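These notes concern the structure reproduced below.
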Amino acid sequence: MLVSVIEENLKTALTILNRRPDLNVRVSGLLKAYGLNRHFFRLWVQNESTLLARLEGSFFLCNSADTDYDEIAFFLRFNPYFQRLFGTAEAVAAVEACLESGGKLKKYDFLEFEAADAVMPEREVICNPNLNDVYEVMCKVGFQIGDFMPWYADVSHRIRHGCARAFLIKVGDKPVSSCLVSAESDTAGLLSGIGTVEDYRSRGFASDITRFACKKLTDDKKCPVLECCPAITAFYARLGFRKTAETAELIIK
C-alpha cells in the first residue's frame, strides 16, 4: 500500500534511496533541495521497499523485487498531475504494461564514471556562470526545458542548497557549451544538459566540460553519473564512463 512520506517514516524512504544511491540520485537531490513540505514535491513508500516521488507532473519510481506495479499504475492513472514516469527500464515497462497508456517510451543507458582519475582540461570552464547563458546554450542545442523562469527558479534553488551545479564554456563573450549537475546527493552527482552549439561542435568542448564536471565531483568524493541515448554511450565511454543499468522515461502527454 502506498503511504505518504512524513517525518515519522522518512527513515524508510532514505533506506530505499540508499539501496542504489547512484540510480536514485535524482530523488535524493530533490529531497535535499525541497524537503517534505512542498505541494509540488511529494514522496510515497510502498511495502517499505519501493519509493515513488513526484515533482510537478514528473514521477520517479525506485522499485524493488516486491514492487506492486498494479497499485503504482492505478495510483498514476487517477493522479491529475501525472505526465511522465522515470525509473529503471524494467520498472517503467512493468508500469506501462498495467497502464496501457499508449504513451511514448524512451530508453537510456545509465552510466557511472569509473576512470582511475578525473583529468582537469586545459580549456577554461566557468563555475557557477550566469544561468541565462546556460539556458541559452541548452535551448540552442535542442533540450526541451520549457520557459526560462520556471527553469531558473528550480535550478537556482537547487544550486543554493548544494544540490546542483552549473558549468559553461565561452569563446570570447559567446556561450558555446554547457553542463549541469542537475541533482546531487552526498555520494553522487547527475550530469545533464551537456551540449555545444552547432557552430562550435567537434572541437572538444563537450569532452572538456564533462571532464571538468567529473573532476569537481570526484574531488568532493562523489560519483558522476548520467543518462544518455545508447547512440552516444561510446562517446562517454571514452571519457571514463561505464554502463551499469538501463533506465526509461514514459511520456503520456
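All of these numbers come straight from a predicted model, not from anything done at the bench.
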Closer than 4.0 angstrom, basic N to acidic O: yes or no for [X] and [Y]?
{"X": "K174", "Y": "D199", "value": "no"}
{"X": "D219", "Y": "K215", "value": "yes"}
{"X": "R211", "Y": "D208", "value": "yes"}

Interatomic distance, [X] atom [atom1] to [Y] atom [atom2] [nearest 0.5 angstrom]:
{"X": "C223", "Y": "L190", "atom1": "SG", "atom2": "CG", "value": "11.0 Å"}
{"X": "I169", "Y": "F167", "atom1": "CD1", "atom2": "CZ", "value": "11.0 Å"}
{"X": "L51", "Y": "T67", "atom1": "CG", "atom2": "OG1", "value": "10.0 Å"}
{"X": "T12", "Y": "L17", "atom1": "OG1", "atom2": "CG", "value": "11.0 Å"}
{"X": "L217", "Y": "F212", "atom1": "CG", "atom2": "CZ", "value": "10.5 Å"}
{"X": "Q83", "Y": "E56", "atom1": "CD", "atom2": "CD", "value": "9.0 Å"}

Exam field: side chain [X] to backbone [Y], donor-acceptor pair closer than 3.5 Å:
{"X": "R77", "Y": "C98", "result": "yes"}
{"X": "N128", "Y": "A166", "result": "no"}
{"X": "Q46", "Y": "D68", "result": "yes"}
{"X": "N130", "Y": "N132", "result": "yes"}
{"X": "R238", "Y": "S207", "result": "no"}

message: Please determine whether side-chain contact (heavy atoms from CB on, under 4.5 Å) holds for the pair D186 and K32, giving the CA-CA distance in whole Å, both sets of side-chain angles, and the decisive distance to 0.1 Å.
response: CA-CA 10 Å; D186 293 337; K32 184 178 178 183; 3.9 Å; yes
message: Does K222, at its NZ atom, have more than 12 non-hydrogen atoms belonging to other residues, nucleotides or ligands within less than 6.0 Å?
response: yes
message: Could you check whether atom CZ of F74 has more than 12 heavy atoms from other residues, nucleotides or ligands sitting under 6.0 Å from it?
response: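 No, the 6.0 Å shell around CZ holds no more than 12 heavy atoms from other groups.
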Treat each ILVMFWY residue as a node, draw an edge where side-chain heavy atoms are under 4.5 Å apart, and state whether [X] and [Y] are in one component.
{"X": "V155", "Y": "V134", "result": "yes"}
{"X": "L168", "Y": "V171", "result": "yes"}
{"X": "L52", "Y": "I16", "result": "no"}
{"X": "L239", "Y": "I232", "result": "yes"}
{"X": "M138", "Y": "I159", "result": "yes"}

Do you know the tightest heavy-atom contact between [X] and [Y]?
{"X": "S64", "Y": "T50", "answer": "OG-OG1, 3.3 Å"}
{"X": "E114", "Y": "R242", "answer": "OE1-NE, 2.6 Å"}
{"X": "C139", "Y": "I145", "answer": "SG-CD1, 4.1 Å"}
{"X": "L99", "Y": "A73", "answer": "CD2-O, 3.3 Å"}
{"X": "C214", "Y": "F113", "answer": "SG-CD1, 3.8 Å"}
{"X": "D109", "Y": "P230", "answer": "OD2-CA, 3.5 Å"}

So, [X] versus [Y]: side-chain donor-acceptor pair below 3.5 Å or not?
{"X": "R42", "Y": "S4", "value": "yes"}
{"X": "E96", "Y": "S101", "value": "yes"}
{"X": "S185", "Y": "S28", "value": "no"}

Close side-chain approach of [X] to [Y], heavy-atom, < 4.5 Å:
{"X": "V197", "Y": "E136", "value": "no"}
{"X": "L10", "Y": "L31", "value": "yes"}
{"X": "I72", "Y": "L85", "value": "no"}
{"X": "S156", "Y": "L131", "value": "yes"}
{"X": "E198", "Y": "K140", "value": "no"}
{"X": "F60", "Y": "L30", "value": "yes"}
{"X": "T247", "Y": "L23", "value": "yes"}
{"X": "K170", "Y": "P129", "value": "no"}

task: Quick one: sort the F241 and Y236 rings into parallel, tilted or perpendicular, breaks at 30° and 60°.
output: perpendicular
query: When the ring planes of Y135 and W151 are compared, do they come out parallel, tilted or perpendicular, using 30° and 60° as the limits?
result: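 Correct class here is tilted.
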message: For F75, give me all partners under ring-ring contact (aromatic ring centres under 6.0 Å, His included), at least two apart in sequence or on another chain.
response: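 If we apply the ring-ring contact (aromatic ring centres under 6.0 Å, His included) test to F75, skipping adjacent residues, the hits are W44.
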task: Let me see the working for L61 and V92 under side-chain contact (heavy atoms from CB on, under 4.5 Å), right down to the final yes or no.
output: CA-CA 8 Å; L61 179 59; V92 173; over 6 Å; no
- request: Compute the centroid of each ring, for F40 and then for Y81, and state whether the two points are separated by less than 6.0 Å.
  value: no
- request: Verify side-chain contact (heavy atoms from CB on, under 4.5 Å) between F86 and S58, making sure each step is shown before the conclusion.
  value: CA-CA 8 Å; F86 298 87; S58 297; 4.0 Å; yes
message: Using the rule salt bridge (charged side-chain N to carboxylate O under 4.0 Å, His left out), only one of R26, K106, K107 pairs with E227; which is it?
response: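 Filter result, single survivor: R26.
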task: Tell me, with the steps shown, if D220 and K216 meet salt bridge (Lys or Arg N to Asp or Glu O under 4.0 Å).
output: CA-CA 7 Å; D220 291 337; K216 288 295 185 179; over 6 Å; no
